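Here is the structure we will look at.
Every value quoted in this text rests on a predicted model; they were computed, and no experiment measured them.
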Amino acid sequence: MSGDVILSVRELDVFYGASKILFGVGLEVGRGRTLALLGRNGAGKSTTLKAIAGVAPPRKGSVQLGSTDLAGSRPDVIARAGIGYVPEDRQVFPMHSVEDNLLIGAKLGPQGQDHWKLATVYEAFPILAGMKERRAGALSGGEQQMLTIARTLMGNPEVLLLDEPSEGLAPIIVQAIGELIRKLRGMGVTIVLAEQNMHFCLGISEDAAVIDKGHIVYRDTIQGLRANKEITKRYLAV
């Protein structure tokens with residue numbers, strides 16, 4: 001991985017009750033790069049993102065954004081520090097309009113950044129511009145996924161966490177989400193993408209990590225992972 005490291009996760013242990021879910025998980029994400037966190041269902045992908053975002057606070061380890069360790073901080077503190085989290089279940093405010101959903105997420109970035117405004121979002125997400133008065137609950141699953149990503153960007157994060165953005169969507173919508181992520185990457189957005197679908201990640205990610213049973217078992221570029229048939233067969237084949 002090239003470039004300066006903006007997010008460094010080290011030795012994360014996470015428990016759900018008495019059950020240990022993550023075992024010393026470690027990741028590094030370069031500024032402006034996209035890291036795919038890959039693994040089968042139940043491997044620990046979503047828990048890793050929740051731990052980074054403060055939704056599942058780690059019992060041990062560090063989550064360092066720049067020079068600040070955020071491990072154990074409240075989710076709102078972590079969000080204001082610059083980590084934007086898009087959960088896998090596409091949580092929109094269904095009775096509010098698309099534009100109201102976007103405005104709910106609006107805030108300055110940690111350094112006062114104000115790049116992502118309504119005009120910027122509508123330029124990046126033209127489909128949302130055409131339905132800004134529509135109730136969010138009336139959108140399709142793919143449209144809601146775009147809305148949740150756009151709403152998170154309205155908070156001007158330094159790192160964007162995307163949890164299973166392709167899950168449950170029709171192939172044509174998955175393609176559109178992939179194109180959107182490529183566009184965001186081209187704009188310099190730093191992304192951590194948790195996914196089961198390696199093929200979805202091939203054209204949009206630069207770096208890869210594989211998680212299995214709560215352990216990181218492999219790190220490389222996405223092309224290095226693609227070429228490693230032993231790892232893909234052992235940990236990613238369905």
Partners meeting salt bridge (Lys or Arg N to Asp or Glu O under 4.0 Å) with Arg234 (sequence neighbours left out): Glu230

Intermediate values then yes/no, salt bridge (Lys or Arg N to Asp or Glu O under 4.0 Å), Glu28 and Arg219: CA-CA 10 Å; Glu28 286 191 344; Arg219 299 181 185 88; over 6 Å; no

Leu193 side chain reached by Leu160 side chain, heavy atoms, under 4.5 Å: no

Arg182 atom CZ: more than 12 heavy-atom contacts under 6.0 Å: yes

CZ/Arg80: more than 12 non-hydrogen atoms of other groups inside 6.0 Å: no

Ser62 and Asp69 side chains, donor-acceptor separation under 3.5 Å: no

Student check: side-chain heavy atoms of Glu158 and Gln111 closer than 4.5 Å: yes

Polar side-chain atom of Asp220 near backbone of Ala208 as donor-acceptor pair, under 3.5 Å: no

Side-chain donor or acceptor of Arg185 paired with backbone N/O of Ile204 under 3.5 Å: yes

Worked verdict on Ile211 versus Leu22 for side-chain contact (heavy atoms from CB on, under 4.5 Å): CA-CA 10 Å; Ile211 189 169; Leu22 298 185; 4.1 Å; yes

Under 3.5 Å: donor-acceptor pair, side chain of Lys60, backbone of Asp13: no

Short side-chain donor-acceptor distance under 3.5 Å, Gln196 and Glu167: no

Which residues share a side-chain contact (heavy atoms from CB on, under 4.5 Å) with Ala176, sequence neighbours left out: Met146

Chi angles and distances behind the side-chain contact (heavy atoms from CB on, under 4.5 Å) call for Val9, Thr48: CA-CA 10 Å; Val9 176; Thr48 299; 5.6 Å; no

Heavy-atom check, side chain of Ile177 versus side chain of Ser166, under 4.5 Å: no

Short side-chain to backbone donor-acceptor contact, Gln145 and Pro165, under 3.5 Å: yes

Side chain proximity check, Arg135 to His96, heavy atoms < 4.5 angstrom: no

Any donor-acceptor pair under 3.5 Å from Lys107 side chain to Gly155 backbone: yes

All pairs passing ring-ring contact (aromatic ring centres under 6.0 Å, His included) where residues 111-165 contributes a residue, at least two apart: none

Side chain to side chain donor-acceptor pair (under 3.5 Å) against Ser140, all qualifying residues, sequence neighbours excluded: Glu143

Main-chain N/O of Thr221 paired with Asp207 side-chain donor or acceptor, under 3.5 Å: no

Any residue meeting ring-ring contact (aromatic ring centres under 6.0 Å, His included) with His215, in chain and number order, not counting sequence neighbours: Phe23

Those residues that, when tested against Lys117, pass salt bridge (Lys or Arg N to Asp or Glu O under 4.0 Å) (two or more places apart): Asp114

